Amino acid sequence: MFESVAQNVRFPDQETQILHFWKSRQIYEKSLEQRRSSPSFVFFEGPPTANGMPHPGHCLTRAIKDLFPRYRTMRGYLCRRKAGWDTHGLPVEVEVCKELGIHSKEEIEAFGVEPFIQKCQQSVWRYMQQWEQMTERLGFWIHLKDAYVTYHQSYVESVWWSLQRLFERGLLYQGNKIVWWWAQGGTALSAGEVGQGYRQGADPSVYVRFPLVDPAWKNTSLLVWTTTPWTLPSNQFAAVHPRVKYVVVHDAELGENLVVATDLLETMKTKTKRELSEVRHLDGQELIGLRYLPPFSYYHSRTGDLRGTLKAGGTDFVSWRVVPAEFVTTDTGTGVVHQAPAFGEVDYQVLLDQQERFTEGTGPSLLCAVGPDGKFTDEAPDYQGKWVKDADRDIIRQLRADGILYHQEQFLHDYPFCWRAEEDPLIQYPRRSWFLRTTQFRDQMLANNRKIHWMPDHIQEGRFGNFLESNVDWALSRERYWGTPLPIWVCQQTGKMEAVGRYDELLLKPGVKGLHVWADAKAANPDLPDDLRVHKPYIDAVTYDSPFAPGATMQRVTEVIDCWFDSGAMPFAQWGYPHQGEHEFQQQFPADFISEAIDQTRGWFYTLLAISTILFHDDSVEPDTTGVHNSFPHPFRNCIVLGLMLGEDGTKMSKSKRNYREPQEIFDRYGADALRWYLFANQPPWTSIRYNEVSIRDSIPEFLLRLWNVYSFFVIYANIDRFEPSRLLPGPLSQLTPEELSNAPARRAVPQRGELDRWILSELHGTIAFVVEAMDAYDNYGACQRLHAFVDALSNWYVRRSRDRFWSGIETDSSKLDAYWTLYECLVTVTKLIAPFTPFLAEAIWQNLARSASSDVLESVHLCDYPTSDASLCDPELSTRMELLREIASLGRSARMDAKLKVRQPLGKVEVVLASLDHQAWLEAHSALLCEELNVKQIEFIQHAEQYIDYLVQPNFKRLGPRVGKLLPQVKVALAQADGATLLATLRREGRVTLLVESESVTLDAEDIQVRLQARDGWAAAQGDQCVVVLSTELTDSLLREGYARELVRIIADWRKEVNCLYTDRIEIGVVTESHELQQAILENMDYIAGETLAVNTVLLPLEGIVAVDRELSAFTLQLFLRVVQEA
RNA sequence: GGGCGCAUAGCUCAGUUGGUUAGAGCGCGUCGCUGAUAACGACGAGGUCCGCUGUUCGAGUCAGCGUGCGCCCA
């Protein structure tokens, strides 16, 4: 016996029980253990940060990460799943600062780096529990206990090793990075923080003359525009676009010539209200190399005539020249752009480009008259000590006094302010920073990118490819506290450096000092995690004797690294490689599959690719035939880039807006399977979707419950008929595959079964083949659609049309047994098919349907192999025909609806007209099925149906388009004008017809046309694509009486339900009615009524001792006497 | 400002290499079924496929331009 299925299943409750079952039986561990020696399917977990609450968007990521490993495991692969957590970085520090109520680095230092770091370490785990809970409850199988953690010593040491290698290969260098700088707080802000602080503000907008010094350009100035006058003392270049048109104009009032972009001349005239007469036109290219006098002479007076040596030979002046730049536009300003490389990222790039032209050390160096506190230094003595923004006014006054201020106005624009100190504007400012020379490997990275299977594929050449194309060196260091310390120690005397690859390496250094700082802290607080010893401030205290100069000390640089480097290092760092885990790393690289949301394109996807490409690149290895050097081609082969999930209102999910529900609550209301199915089955995973709770809820009736009802139906009847696999199957059993089931002695082979059984098994095996192909191609959406269609077919056609067989009282009916075996095989197989998608539902069904068969059967569906399709059972023609049959049934119901004829009322005849005769014979042979479904006595297929329908003949556009081209519209007209019936008759007789179109004759065969049938008015008819169904609406008395009998059956069935009859209870029926018609109806249909209601006795008399029930039946009233017969 | 993506029914989303009647579910309306039953089914209404221009015999689909939204980067 199967366990009877609960009437009102609550999936969330069932799921919690299953979670417990998995845990106590260690099913996940067993699923891995049994694939121990199987080929690997490698999955990388992109580490989430656990310092925020998980939301439904995170569920999508985690559900997809679960789906494919589960699927591949069932397909016979070993898929290890190591969890990971991203723990470093500014967000953690910000979180702690909030908690402490402090902002600036100064305040952190005042609070103490040591306690600050400790707080960071604790803060990392703030939402850990919620994350783990969500992960488990969703059914995401991953080794949480064995997670890699980026702050752990082993992880940090792996990262150190990689940095050491990069350093030793000369790929790490120090340079300037222009950052958004909060001068008052003395810290750089991350892009995210800058983005938060944009506000509209008014800045001075000044037009300044830069007089050209070349005698040929006498009395001519470049006209330059800027909104940051305070950067003018640090001016180094003027930039023009080489391919933009410029014009020299004469200003009579001034008595001078000016150079501006042609496109901006009119704007300038309007703004200044000056007469500007055009002198001559030129390309930007002609201006390049011209020298000018900068507005301030602080630097120019010393080095204005300095020349450097060009790599290309010869010399050039280092600064105060016109240089080319592609970024110059003619939208605003003058087309000539003031360049102060210290205070702008693009300006700085111009400086780098210029430096590149000169030999080492002879080019321009960075000019910066402002200190880190945002005040002018002694390099600009007139303004020394003044905050830059406050100096604007004085600078403008000076420009006017010098006669080079041409025009001045106010400029309103968005400008970033510090989000922590709203009054403080940010400035761009150069900071020393460490870089990783990624640009050197751009082509390698592009080559590796081409080997990645991106889903959706436009990521490859689009977002990711473009990003790689415009690669710049990775600014690796951060002047912060909570991060992997940059493992570079500097000789305090010579400035020479070396990198350290692990903690033990430090301990072995000669004259190592400072280890006591950690030892003391640990002694004072034994609970301190040992991992902190490799962090600030403890690691900063460790010094040793310099190998570069006797008596000198080596001390670590102060920076930590970008935490993105941590996550990108996970392929090796998760194993602690190379200090340990060599074997695991070799086995688990590269990944077959990763997945994250699209915002990771420049995050994890990039850092994985960059680090793997650069780190494992081996110069000594000759390029292979494809020109690629490295032995590790790329870190991941297949990558699903998930869309972002927005909140219910279409905006970003936000806690304060409450535009989504917390995952835990979704689980409690609908269950994890409902959420998973919603995520997998409603759209391809890269679609950006809105969180939509109704759709989650709908997953239940649409799929989960529909399958559950079929399963429940099966169990009810299997128990009644003692269909017990445990009894019927001799074994040995393990997975209940079709082969195992075929051992049952009383089970007929599929070819011997009826058409309906063969059909659903054909659908089943077609579905298996489809789903496997889709899932191998990472197409979960396609797979789900197919599964959905199968469950629908099983429920709404197979079971619906097989009910009678399950209900048949004949125990030995072989067709009945066929139905059981067929449905059983379908259910067991579907359970395996859906296991990766909805693991809970699959498990629940498996436990009852399969486990009960034998103790040999695998204890969980998740230990099974994924089903394989048996091509010999697939019968596409049968599928097509059954589909047509279903369409006819649907049309028949539609016609009944129109004619207001209930299905309960039997009809004499339907007539079916088919557009094509291909399947008519088959349909005729199966008309019994249709008669039953439509409750008609007879079905007739007719060919000459002109009285009912019109034939609309259209060209087969796809076929004829290429052949007749421009004639197609006329062919269409000709076909429409011809008499459809005649045309069709000719076609059927002769195999082709010839039309005259535009005095050309066009010959068409049967394939060249499409026939549509159009029902004529006045008939109870419905038309579909391929056929028309016409009802005979004539009702004879006999038919009416049959209808009454069915009505009576329904009334009695209602009563059975009301009094909670068992499915097998027998009853006695007494009917009292004055209507002879009704009496006759009962007498005529006695057997039918008895069979349907399980009546052992039906009389037209009252039953003694029973209180009558009054009912209405059509126009009649009747008294019903009903009672259950006690079992003898 | 740049790159990429998205825009289809009231809502959430599909729509395979271009083929002439654009689909699903929900919601709404009408009805049916009642031994899977706190389910289920059928039918119906509902569309300028964001706009414009183009390519083509034919465009939701391809191209160009524009509008709106999102993400990433400036």
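Quantities reported herein were computed from a predicted structural model and do not represent experimental measurements. Lettering follows sequence order; numbering is per chain, from 1.
Using a 4.0 Å cut-off, no side-chain N or O of A:R896 falls inside it from OP1 or OP2 of B:A42. For A:N796, a side-chain nitrogen or oxygen approaches OP1 or OP2 of B:G41 to under 4.0 Å. Side-chain N/O atoms of A:Y717 include one lying less than 4.0 angstrom from OP1 or OP2 on B:A36. The shortest distance between the side-chain N/O atoms of A:Q683 and the OP1/OP2 oxygens of B:A24 is not below 4.0 Å. Close to B:C72, at under 4.0 Å from its OP1 or OP2, lies no side-chain N or O of A:R602. Remark: A:R904 is in phosphate contact with B:C33, judged by side-chain N or O atoms under 4.0 Å from OP1 or OP2. Considering only side-chain N and O atoms, A:R690 lies nowhere under 4.0 angstrom from the phosphate OP1 or OP2 of B:G70. One finds no side-chain N or O of A:T601 lying less than 4.0 angstrom from the OP1 or OP2 phosphate oxygen of B:C71. Close to B:C6, at under 4.0 Å from its OP1 or OP2, lies no side-chain N or O of A:R463.
Looking at heavy-atom distances under 4.0 Å, A:R1056 makes contact with a base. Nucleic acid contact for A:V799: base, since at least one base atom lies under 4.0 Å from a heavy atom of the residue. Counting non-hydrogen atoms under 4.0 angstrom, A:V971 reaches nothing in the nucleic acid. A:T1093 comes within 4.0 angstrom of a base, heavy atoms only. Within the 4.0 angstrom heavy-atom criterion, no nucleotide atom of any strand lies near A:P456. Within the 4.0 angstrom heavy-atom criterion, only backbone atoms of the sugar-phosphate kind lie near A:S890; the bases stay farther away. Among the heavy atoms of the strands, none lies under 4.0 Å from A:P955. Within 4.0 Å of A:F467, counting heavy atoms only, lies no atom of the nucleic acid at all.
At whole-Å resolution of the value, CZ in A:R959 and C1' in B:G19 are 14 Å apart. For A:W454 and B:G5, the CH2 to P distance is 14 Å, given to the nearest whole Å. Rounded to an integer number of Å, the gap from A:F714 CZ to B:A36 C1' is 14 Å. Rounded to an integer number of Å, the gap from A:W180 CH2 to B:C73 C1' is 14 Å. Distance CZ (A:R1111) to C1' (B:U34): 13 Å, rounded to an integer number of Å. Residue A:D599 contributes atom CG, which lies 14 Å from atom C1' of B:G5 at whole-angstrom precision. Counting to the nearest Å, the P atom of B:C57 and the CZ atom of A:F957 are 14 Å from each other. Rounded to whole angstrom, the span from the CG atom of A:N692 across to the C1' atom of B:G27 amounts to 12 Å.
B:A36 is unpaired under the Watson-Crick or G-U wobble criterion, no partner having all donor-acceptor distances under 3.5 Å. For B:G1, the paired nucleotide is B:C73, the pair qualifying as Watson-Crick or G-U wobble because both relevant distances are below 3.5 Å. Pairing of B:G23, defined by two Watson-Crick or G-U wobble distances under 3.5 Å, is identified with B:C13. Pairing for B:U61 is absent, judged as Watson-Crick or G-U wobble with the two contacts each under 3.5 Å. Of all nucleotides present, only B:C31 satisfies the Watson-Crick or G-U wobble test against B:G41, with each distance under 3.5 Å. Nucleotide B:G66 forms a Watson-Crick or G-U wobble pair with B:C50, both donor-acceptor distances falling under 3.5 Å.
Between A:Y824 and A:F723, the ring-plane angle classifies as perpendicular under the 30° and 60° cut-offs. Between A:W454 and A:F464, the ring planes lie tilted relative to each other; the angle falls in the 30° to 60° range. Using the six-membered ring where Trp is involved, A:Y606 and A:F467 have ring planes that are perpendicular, over 60° apart on the 30 and 60° scheme.
Applying the side-chain contact (heavy atoms from CB on, under 4.5 Å) rule to A:D13 yields the partners A:R10; only residues at least two apart in sequence or on another chain are considered.
In this structure, of B:C26, B:U17, B:C72, it is B:U17 that holds the atom nearest to the side chain of A:K958. Of all nucleotides listed (B:U37, B:U21, B:C71), B:C71 comes nearest to the side chain of A:I598. Nearest nucleotide to the side chain of A:S894, out of B:C43, B:U12, B:U34: B:C43. Out of B:G41, B:C4, B:U20, the shortest distance to the side chain of A:N466 is found at B:C4.
For the P atoms, the distance from B:G10 to B:G51 is 14 Å, rounded to whole Å. The gap from the P atom of B:C28 to that of B:A7 amounts to 27 Å, rounded to the nearest Å.
Each of A:E1092 and A:G961 was assigned the nucleotide of RNA chain B with the nearest heavy atom; the assignment lying further toward the 5' end belongs to A:G961. Two residues, A:E345 and A:L1094, neighbour RNA chain B, and the one matched to the more 5' nucleotide by heavy-atom proximity is A:L1094.
Donor-acceptor pairing under 3.5 Å, judged by distance alone, is absent between the side chain of A:T687 and the base of B:A14. If you check distances only, the side chain of A:R800 never reaches the base of B:A36 with a donor-acceptor pair under 3.5 Å.
Taking the six-membered ring for Trp and the full ring otherwise, the centers of A:Y348 and A:F343 sit at least 6.0 Å from each other.
A cation-pi contact, defined as under 6.0 Å to the ring centre and within 45° of the axis, links A:R786 to A:F770.
Proximity of a side-chain donor or acceptor of A:N956 to a complementary backbone N or O of A:E1007 within less than 3.5 Å is detected. For A:N682 (side chain) and A:Y678 (main-chain N/O), a donor-acceptor pair under 3.5 Å exists by modelled atom type.
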